[in-house]
K.L.:
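Sharing a structure, written as structure tokens. Questions coming.
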Number of protein chains: 2
Amino acid sequence: MRPYKHPAADQFALERIFQALSDPIRLEIVRHLDRVTEATCGELDGGRPKSSMSHHFRILRDAGLVHTRGAGTVHQNTLRRAELNARFPGLLDAILAQPAG
Amino acid sequence: MRPYKHPAADQFALERIFQALSDPIRLEIVRHLDRVTEATCGELDGGRPKSSMSHHFRILRDAGLVHTRGAGTVHQNTLRRAELNARFPGLLDAILAQPAG
DNA sequence: TCTTAAGTTCGATAATATTCGAACTATCGA
DNA sequence: TCGATAGTTCGAATATTATCGAACTTAAGA
């Protein structure tokens, strides 16, 4: 399992983050990760095919929202909370304060 | 000039807002409106065709970000600051705190 | 009333994104 | 070493968005 490419915090772009969050599936993933400290891709697929989920996770990674770490045969995902808060103070809180509707 | 349809604050959807802000032109419009209290469409076109700009303004309106008011032969646009702050506290500040890059 | 200016609406075309099956890689356990 | 499991990558089909010219509408001013 080769390591994922995660952008450095100073390469985060607001537009890319918004683009990532404009999809309901991805927004739901982010909300879920906010509640659970970490989760595997499989825990978050909602019955969707793995290739679709892999696509969504890649977009979340590329935007800098999510960090994925291989742990054995599983991949653990976490929100990049600290870096996001440092780079865009208040943004994550404003997003996650919302109920899931 | 028939009145525009602006969504009520309780109909704002985070995903729609993100989708609206994921385009660099629209993000720039919002940033500009943050600085100038109000502006016409023409002031913000950056040389682009009117039909393209009209499209972008409609998306910003539909998302609830921008209010457009006909004033004579011109259309004045404003950020829906108060309503956005009430509905998504901190979101607008977090976005606009960012430098334009 | 004629003209001009500001936007909108309507197509059509081009560019992006999403979805998902199939084949592939890596890791664990038996 | 042989599955089995978790995800990735590829490719193709579909759907959504963006762009822009042309025709239209409204309001203001000469």
Side-chain angles (χ1 to χ4, degrees), chain A residues 1-7 13-30 32-33 36 38-79, chain B residues 1-7 13-30 32-33 36 38-79:
Chain A
M1 146 213 67
R2 70 182 152 315
Y4 294 92
K5 211 182 53 176
H6 293 98
L14 216 37
E15 296 156 25
R16 192 177 295 268
I17 288 178
F18 289 144
Q19 204 274 333
L21 294 175
S22 67
D23 183 283
I25 295 174
R26 294 193 292 262
L27 188 53
E28 194 42 53
I29 290 173
V30 169
H32 189 108
L33 289 177
V36 299
E38 75 178 357
T40 65
C41 301
E43 295 178 80
L44 299 167
D45 64 10
R48 271 171 277 267
K50 294 194 295 181
S51 55
S52 298
M53 295 315 289
S54 189
H55 165 72
H56 289 304
F57 275 102
R58 191 165 69 76
I59 287 176
L60 289 169
R61 270 196 302 273
D62 289 351
L65 285 160
V66 165
H67 182 270
T68 305
R69 162 180 67 86
T73 177
V74 135
H75 295 196
Q76 290 291 355
N77 299 282
T78 52
L79 254 188
Chain B
M1 147 213 67
R2 68 184 155 314
Y4 294 93
K5 214 183 50 174
H6 292 98
L14 216 38
E15 296 156 24
R16 192 179 296 269
I17 288 178
F18 290 144
Q19 204 273 332
L21 293 175
S22 66
D23 183 284
I25 295 174
R26 294 193 292 263
L27 188 54
E28 195 41 54
I29 291 173
V30 168
H32 188 108
L33 289 178
V36 298
E38 74 179 357
T40 64
C41 301
E43 295 178 78
L44 300 167
D45 64 10
R48 270 171 278 267
K50 294 194 294 180
S51 55
S52 297
M53 295 314 288
S54 189
H55 165 73
H56 289 305
F57 276 103
R58 191 166 68 77
I59 288 177
L60 289 169
R61 270 196 301 275
D62 289 351
L65 286 159
V66 166
H67 182 271
T68 305
R69 163 181 67 86
T73 178
V74 135
H75 295 196
Q76 290 291 354
N77 298 282
T78 53
L79 255 187

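So you know, we letter chains A, B, ... as the sequences are listed, proteins then strands, and number each from 1.
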K.L.:
Taking CD from B/Q76 and C1' from D/dA28, how many angstroms apart are they, rounded to a whole number?
P.N.:
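Whole-Å distance recorded here is 15 Å.
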K.L.:
Verify the contact: side-chain N or O of A/H75 to OP1 or OP2 of D/dG7, cut-off strictly under 4.0 Å; return yes or no.
P.N.:
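Negative; the distance criterion is not met.
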K.L.:
Give the ring-plane orientation class for A/H67 versus A/H6, where under 30° counts as parallel, over 60° as perpendicular and anything between as tilted.
P.N.:
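Taking A/H6 first and then A/H67, their aromatic rings lie parallel (interplane angle under 30°).
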K.L.:
Taking the side chain of B/C41 as its heavy atoms from C-beta onward, which of C/dG7, D/dT8, D/dG21 lies nearest to it?
P.N.:
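Nucleotide nearest to B/C41's side chain: C/dG7.
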K.L.:
Just wondering, do A/I29 and A/L65 contact through their side chains at under 4.5 Å, heavy atoms?
P.N.:
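Heavy-atom side-chain distance check fails, nothing below 4.5 Å.
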K.L.:
What is the distance, rounded to the nearest whole Å, between atom NZ of B/K50 and atom C1' of C/dA5?
P.N.:
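Distance check: B/K50 NZ to C/dA5 C1' gives 7 Å.
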K.L.:
Atom CZ of B/R16 and atom P of D/dT16: how far apart are they, to the nearest Å?
P.N.:
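B/R16 atom CZ is separated from D/dT16 atom P by 13 Å.
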K.L.:
Would you sort out whether A/L33 and A/L44 count as a side chain to side chain contact (heavy atoms under 4.5 Å, CB included), showing the intermediate values?
P.N.:
CA-CA 9 Å; A/L33 289 177; A/L44 299 167; 4.2 Å; yes
K.L.:
For D/dC20, does either OP1 or OP2 sit under 4.0 Å from a side-chain N or O belonging to B/S52?
P.N.:
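Affirmative; the distance criterion is met.
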K.L.:
Could you tell me whether the phosphate oxygens of D/dG7, OP1 or OP2, come under 4.0 Å of any side-chain nitrogen or oxygen in A/T40?
P.N.:
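It does, given that an N or O in the side chain of A/T40 lies less than 4.0 Å from OP1 or OP2 of D/dG7.
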K.L.:
Given C/dA6, C/dC20, C/dT8, identify the nucleotide with an atom nearest to the side chain of B/R61.
P.N.:
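The nucleotide sitting nearest to the side chain is C/dT8.
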K.L.:
Within this structure, what is the OH-to-P distance between A/Y4 and C/dA26, rounded to whole angstrom?
P.N.:
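Going from OH in A/Y4 over to P in C/dA26 covers 12 Å.
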K.L.:
Round to a whole Å and report the spacing from CD1 of B/I59 to C1' of D/dA18.
P.N.:
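Rounding to the nearest Å, CD1 of B/I59 and C1' of D/dA18 are 8 Å apart.
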K.L.:
Looking at the base of C/dG7, is there any donor atom on it, or on the side chain of B/S54, that sits under 3.5 Å from an acceptor on the other one?
P.N.:
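Side chain to base: no pair present.
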K.L.:
State yes or no: are the ring centers of A/H75 and A/Y4 separated by less than 6.0 Å?
P.N.:
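Yes - the distance between ring centres of A/H75 and A/Y4 falls below the 6.0 Å cut-off.
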K.L.:
Nearest whole angstrom, please: distance from the P of C/dG7 to the CG of B/D45.
P.N.:
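Interatomic distance, CG of B/D45 to P of C/dG7: 9 Å.
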K.L.:
Choose from D/dG21, C/dA6, D/dA6 the nucleotide whose nearest atom is closest to any side-chain atom of A/T73.
P.N.:
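Minimum distance to the A/T73 side chain belongs to D/dA6.
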K.L.:
Looking across every strand, which nucleic acid part, if any, lies under 4.0 Å from B/H56 by heavy atom: base, sugar-phosphate, or nothing?
P.N.:
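B/H56: backbone/sugar contact only, no base atoms under 4.0 Å.
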K.L.:
Does some side-chain heavy atom of A/Q76 sit less than 4.5 Å from a side-chain heavy atom of A/T40?
P.N.:
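In short, these two side chains touch, coming nearer than 4.5 Å.
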K.L.:
Has A/R26 got a side-chain N or O lying under 4.0 Å from the OP1 or OP2 atom of C/dT18?
P.N.:
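True: A/R26 side-chain N/O within range (under 4.0 Å) of C/dT18 OP1/OP2.
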K.L.:
Would you kindly give the NE2-to-C1' distance between A/H55 and D/dT14, to the nearest whole Å?
P.N.:
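So the NE2-C1' distance, A/H55 to D/dT14, works out to 13 Å.
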K.L.:
Can you tell me the distance, in whole Å, between the CZ atom of B/R58 and the P atom of C/dT8?
P.N.:
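Spelled out: CZ on B/R58 to P on C/dT8 is 10 Å.
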K.L.:
Between A/R69 and D/dA6, is there a contact of a side-chain N or O with OP1 or OP2 at under 4.0 Å?
P.N.:
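False: A/R69 side-chain N/O out of range (4.0 Å or more) of D/dA6 OP1/OP2.
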